[in-house]
Engineer: 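First the structure, which I've put down as C-alpha cells, then a few questions once you've had a look.
Every chain is numbered from 1 and lettered A, B, ... according to where its sequence line falls, protein lines coming before strand lines. Small disclaimer: the values here were computed from a predicted structure and weren't measured.
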Number of protein chains: 2
Amino acid sequence: MARKRFDDSNCSVARALNEVGDWWSLLVVLHAMYGTRRFVDFQKELGIARNILCDRLARLVDNEVLKKVEVGEHGSRCEYRLTEKGRDLFPIVVALRQWGDKWNPAPEQTPLDLRDRESGEPIQPITVQSADGRPLSVRDVLVKELVPKVDSAKKKAV
Amino acid sequence: MARKRFDDSNCSVARALNEVGDWWSLLVVLHAMYGTRRFVDFQKELGIARNILCDRLARLVDNEVLKKVEVGEHGSRCEYRLTEKGRDLFPIVVALRQWGDKWNPAPEQTPLDLRDRESGEPIQPITVQSADGRPLSVRDVLVKELVPKVDSAKKKAV
DNA sequence: GAATAGGGTTGCGTTTTAAAACCAGATTCA
DNA sequence: TGAATCTGGTTTTAAAACGCAACCCTATTC
C-alpha cells in the first residue's frame, strides 16, 4: 500500500511532517539557508540522486517552502529560493542541529558555531518558553482542553 | 537501492534526521510526550502498521530516545518511555506544531493550545535567540568559520 | 478450558529510493 | 561553425521500505 500521508490529519505536527518530514527535505532547506540555490549545487553538496532531488524540490515548491525563479535571460537556468514559510523553518533546523550536537556529537569534530551576526555572541539553546521567558519542559506544559467538534471516537487522533 | 543513511555525516542535522527524520518516528515521540506508553495504544492512536511500529520503537530504543521497560510481574507487558534524550526533542516537536499551525492551519479546527502549567498562560512561539534574548532570523546568524580538520574537498559537505 | 489481550513476526504485493544512463536546450571553447 | 560542456531534468532497473492481513506465543480473565 501507498505510504500513509498526513495531509488531512487534524494534528499540525503530522501536517508539518507531511511537507518536510522525509529524509531529504529538511536537508535541502538547510542548504538553502546556507545560500545554495542551484540544482547542481544541491546535488553536489547533498550527494542526493538527481531524480530524488527533482522530486523534493518540486514538492517543496508545491508546498511553498521554496520558490522557483528563472534567472539568465533565456531561461534554462533557475534558482530555488526560500519563501517566508521556508525561512520560518529556521528554529526547527537549529533545534535539530543542537539536539544532534548534544546527543550524537561527531567524534573528532567541533560542532558548528552559530553566532548572532550583530554581537558575535553564540546563539542560545532553543527552548520552549513561558510567557515570561522561563524554559519549559514537557512536564511543565499542558494542553488546554478544547471541546472537539468531531465525535469522541476521533478525539485521541492527534 | 538502499536508502541513504546519514549516521556518519559530519552534519549534526543529518545525524539527527537519521534518528528521527522518517515519516513516523517524531509522531511516536509526540504521542509518548502525550503520555502514550503501550504498543497497542501507539498503534491505535497513530494508525500505523504493527510491523512498522515494531521497527520504529526498536530503532528509537536503539538510539536511546525511548527505553523499553518491562512491567507486570511476569513479563509479557512492557512500556516504552521517553529518555532524557527523547524529552529533549520537545522544542523540535513544539516548533513543528507551531509551524504547521501557522502555515497549514486545519480548516474548521482551532490549533492545540499549549500552556504553561504553572501560570496557565500560553507558551511563546519558538525562536532562535541571541545571548540577550533577541529573536534572530536566518539572516541574523552567521557560522563562525572553524579550521576544518579534513581536506578542503570535503569542506562543503555539511 | 476457552476466550481474550499484549506484543510481536511472517508473507506478500505495492511504493519509494538510489544509481546510472540518457536527453534537450543554452553556452563556452577551439 | 562545430564540438564539448553545463544545466535541469526524465527513464530504467533493482533494492529497500511500507501497509495489510494472518499467524504466534505468553499471560491473564471468564
Engineer: Does a nitrogen or oxygen in the side chain of B:Lys4 sit under 4.0 Å from OP1 or OP2 of C:dA19?
Structural biologist: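 For B:Lys4, the contact criterion (side-chain N or O under 4.0 Å from OP1 or OP2 of C:dA19) is met.
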
Engineer: Near DNA chain C, under 4.0 Å by heavy atom, which residues of residues 53-69 of chain A?
Structural biologist: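 Only A:Arg56 qualify.
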
Engineer: For A:Trp99 and B:Asp88, does a side-chain donor sit closer than 3.5 Å to a side-chain acceptor?
Structural biologist: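 The answer is no; no qualifying pair exists.
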
Engineer: Which nucleotide in the list D:dG19, D:dT7, C:dA18 gets nearest to the side chain of B:Trp24?
Structural biologist: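 Nearest to the side chain of B:Trp24 among the choices is D:dG19.
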
Engineer: When you match A:Arg5 and A:Gly47 each to their closest nucleotide on DNA chain C, which lands nearer the 5' end?
Structural biologist: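 Result of the comparison: A:Arg5.
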
Engineer: Can you tell which of D:dG9, D:dG19, D:dT7 lies closest to the side chain of A:Cys78?
Structural biologist: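 Of D:dG9, D:dG19, D:dT7, D:dG9 is nearest to the side chain of A:Cys78.
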
Engineer: Report the distance from atom CD of A:Glu70 to atom C1' of D:dT7, rounded to the nearest whole Å.
Structural biologist: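 Going from A:Glu70 (CD) to D:dT7 (C1'), I get 12 Å.
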
Engineer: Quick one: which of C:dT10, D:dG9, C:dG7 gets closest to the side chain of B:Asn51?
Structural biologist: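 Minimum distance to the B:Asn51 side chain belongs to C:dT10.
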
Engineer: Check the phosphate of D:dT7 against A:Tyr80, side-chain N and O only, distance under 4.0 Å to OP1 or OP2. Yes or no?
Structural biologist: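 For D:dT7, OP1/OP2 do not have a side-chain N/O of A:Tyr80 under 4.0 Å.
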
Engineer: If I take atom NZ from residue A:Lys144 and atom CG from residue B:Leu112, how far apart are they, to the nearest 0.5 angstrom?
Structural biologist: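 Separation between the atoms: 12.5 Å.
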
Engineer: If I take atom CH2 in residue A:Trp23 and atom C1' in nucleotide D:dA15, what distance separates them, rounded to the nearest angstrom?
Structural biologist: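 Checked: the CH2 to C1' distance equals 16 Å.
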
Engineer: Any salt bridge between B:Glu19 and B:Lys85, counting N to O under 4.0 Å?
Structural biologist: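 B:Lys85 and B:Glu19: salt-bridged.
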
Engineer: Of the nucleotides D:dA17, D:dG9, C:dA18, which has the atom closest to the A:Ala49 side chain?
Structural biologist: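 Output: C:dA18.
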
Engineer: Phosphate oxygens OP1/OP2 of D:dG8: is one of them under 4.0 Å from a side-chain N or O of A:Arg77?
Structural biologist: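 Looking at the OP1 and OP2 atoms of D:dG8, neither is under 4.0 Å from any side-chain N or O of A:Arg77.
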
Engineer: If only side-chain N and O atoms count, and only distance matters, is there a donor-acceptor pair under 3.5 Å linking A:Arg97 with B:Ser12?
Structural biologist: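 Per modelled atom types, B:Ser12 and A:Arg97 side chains form a pair under 3.5 Å.
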
Engineer: Calculate the interatomic distance between A:Phe42 atom CZ and D:dT7 atom P; express it in whole Å.
Structural biologist: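 Taking CZ of A:Phe42 and P of D:dT7, I get 14 Å after rounding.
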
Engineer: Output the rounded distance in Å from CG (A:Leu46) to P (C:dT17).
Structural biologist: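 Taking atom P of C:dT17 as the reference, CG of A:Leu46 is at 15 Å.
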
Engineer: For B:Trp24 together with A:Phe6, are the ring centres under 6.0 Å from each other?
Structural biologist: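 Ring-ring flag for A:Phe6/B:Trp24: true, centres closer than 6.0 Å.
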
Engineer: Which heavy atom of A:Asp113 sits nearest a heavy atom of A:Pro122, and at what distance?
Structural biologist: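 Heavy-atom minimum between the residues: OD1-CB, 4.4 Å.
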
Engineer: Are a donor atom and an acceptor atom from the side chains of B:Ser130 and A:Glu121 found within less than 3.5 Å of each other?
Structural biologist: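 Distance-only check fails for B:Ser130 and A:Glu121.
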
Engineer: Mind calculating the distance between CG (B:Leu17) and P (C:dT17) to the nearest angstrom?
Structural biologist: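 The distance from CG of B:Leu17 to P of C:dT17 comes to 14 Å, rounded to the nearest Å.
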
Engineer: Would you tell me if any nitrogen or oxygen in the side chain of B:Arg38 comes within less than 4.0 Å of OP1 or OP2 on C:dG6?
Structural biologist: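 Indeed, a polar side-chain atom of B:Arg38 lies that close.
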
Engineer: Measure from CZ on B:Arg50 to C1' on C:dG6 and round the result to the nearest Å.
Structural biologist: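 About 8 Å, once rounded to whole Å.
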
Engineer: How many Å lie between CD on A:Glu79 and P on D:dT7, as a whole number?
Structural biologist: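 Interatomic distance, CD of A:Glu79 to P of D:dT7: 12 Å.
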
Engineer: Would you mind reading off the distance between B:Ile52 atom CD1 and C:dG11 atom C1', rounded to a whole angstrom?
Structural biologist: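 My rounded result for the distance is 14 Å.
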
